[in-house]
Every structure is written in structure tokens, then in C-alpha cells.
Visitor: 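Here it is, the structure, as C-alpha cells.
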Amino acid sequence: MDIQFTKITEPSAEIAELFNKWGNDPSLVHLIRPNTDAAALEQKEHITVDSLKKRLEHDHIYLIQLEGELIGEMNFQIDPPQVYKKETGTAWIGVNIGEEVGRGKGIGFTAIQFLEEQARAMGLKRVELGVFEFNLPAIKLYTNLGYKEIVRIDNFTYWDGKMWQDIRMEKYL
């Protein structure tokens, strides 16, 4: 299996279009962003080349390719405001396997290891992430990679008729 990661340095309209496709996919929305209610699940994001350029001021964003096809994206931020533990030298990571063909093949595992390597190379000592409590496959993945739960934030996101917790997990590099 040929998996490649490419850092975005200059976003294009094609990349913005893919981010919109993945970010608005009804089968993924509840997994990738917090929602306040059922209506929020229906709201569409509109990502532009300019908004991606703005993100690149603070985010390290990588495209995920499988056999030469773009299937997702991953990113990390350094010491962002959303981290629970305010420890300097923390990477906040996110992975979105946007294309179904890329799911369930271990690509997320490899992607997170890659992000950890990038963070370590930048001198970062810790990684933190958030995962919604209903996302059991992701929780299992993070646990298998050595992440430990540090806190649960109540009433964080809406899905399937109710509010759910956000589980914050960490790993020291």
C-alpha cells in the first residue's frame, strides 16, 4: 500500500474543493466538528483558497494520498488555545480520511505517527487531541498509539439526538 503525505505550502482551488467535499460530507460531519444541535449538522462549511492560506499561518497541513489519489488531510497546530493542558511545546492534531476507500486500512495510524514525527522534529514534547465519545474506532486507535485520556468535556457536540462529551487525550513524545 503506497501512502504519501505532502505538506501544503500553496493551496489551490482543487484542494479547497476537496476540503469542502470532506468537511461537508454528511457521513463525516458529526465526527470532524462540534455541533450545537441538529441544524448545525446541516450547516455547510465554505473553504476557499484564501481561508486555507490563512490557516497555513498557524497550521501545518498535509494531504494524504493512497496509491496517488488524494483521500484526506491531516494537520497540527502548535500551542493553540483549544488545548486543555496549557503546556508549551504541545501539538494539537487532527486527521480526516475524507474518502471511504481510505478508511479501515491503517492509514490513520500511519498518519498520526507521521504527525508525531513532524512535531518531534520541531522540538515539541507533547501531543493533545480531542475525540467525541461516540467515535469508538478513533478512541481505540488513539489508545493503541499510546494516548491517555486526561479529561472529558460535557455537552460538547450534538449527534444522534443528544449531546456528547469530548474526550481529550495526550501523549508525550
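Residue indices begin at 1 and follow the sequence shown.
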Visitor: Quick one: are Trp92 and Asp79 in side-chain contact, heavy atoms under 4.5 Å?
Guide: no
Visitor: When rounded to the nearest 0.5 angstrom, what is the spacing between CD1 in Ile93 and CD in Gln77?
Guide: 11.5 Å
Visitor: Please report the interatomic distance CD(Gln118) to CG(Asn75), rounded to the nearest 0.5 Å.
Guide: 13.0 Å
Visitor: Kindly state whether the ring of Trp164 and the ring of Phe134 have centres lying under 6.0 angstrom apart.
Guide: yes
Visitor: Given side chains that start at C-beta, do those of Leu52 and Ile8 come closer than 4.5 Å, heavy atoms only?
Guide: no
Visitor: Quick test of your reading of the model: are Lys53 and Glu10 salt-bridged, counting only N-O distances below 4.0 Å?
Guide: yes
Visitor: Kindly compute the distance separating CG (Leu28) from CD (Glu100), expressed to the nearest 0.5 Å.
Guide: 9.0 Å
Visitor: Salt bridge between Lys148 and Glu170, side-chain N to carboxylate O under 4.0 Å?
Guide: no
Visitor: Rounded to the nearest 0.5 Å, what's the gap from CG on Leu41 to CG on Asp37? Could you check?
Guide: 8.0 Å
Visitor: Quick one: are Ile78 and Thr90 in side-chain contact, heavy atoms under 4.5 Å?
Guide: no
Visitor: Any chance you could lay out the side-chain hydrogen bond (donor to acceptor under 3.5 Å, both in side chains) test for Glu45 and Asn24, step after step, and finish with the verdict?
Guide: CA-CA 6 Å; Glu45 287 186 322; Asn24 293 310; 5.4 Å; no
Visitor: At what distance, to the nearest 0.5 angstrom, does CG of Leu115 lie from OG1 of Thr110?
Guide: 11.0 Å
Visitor: In terms of side-chain geometry, is the basic nitrogen of Lys21 or Glu99 positioned less than 4.0 Å from the acidic oxygen of its partner?
Guide: yes
Visitor: What distance do Ile112 atom CD1 and Glu117 atom CD have between them, rounded to the nearest 0.5 Å?
Guide: 12.5 Å
Visitor: Flag the pair Glu149 and Arg168 as a salt bridge only when some basic side-chain nitrogen lies within less than 4.0 angstrom of an acidic carboxylate oxygen.
Guide: no
Visitor: Suppose we call two aromatic rings close when their centres sit under 6.0 Å apart. Are Phe5 and Tyr62 close by that rule?
Guide: no
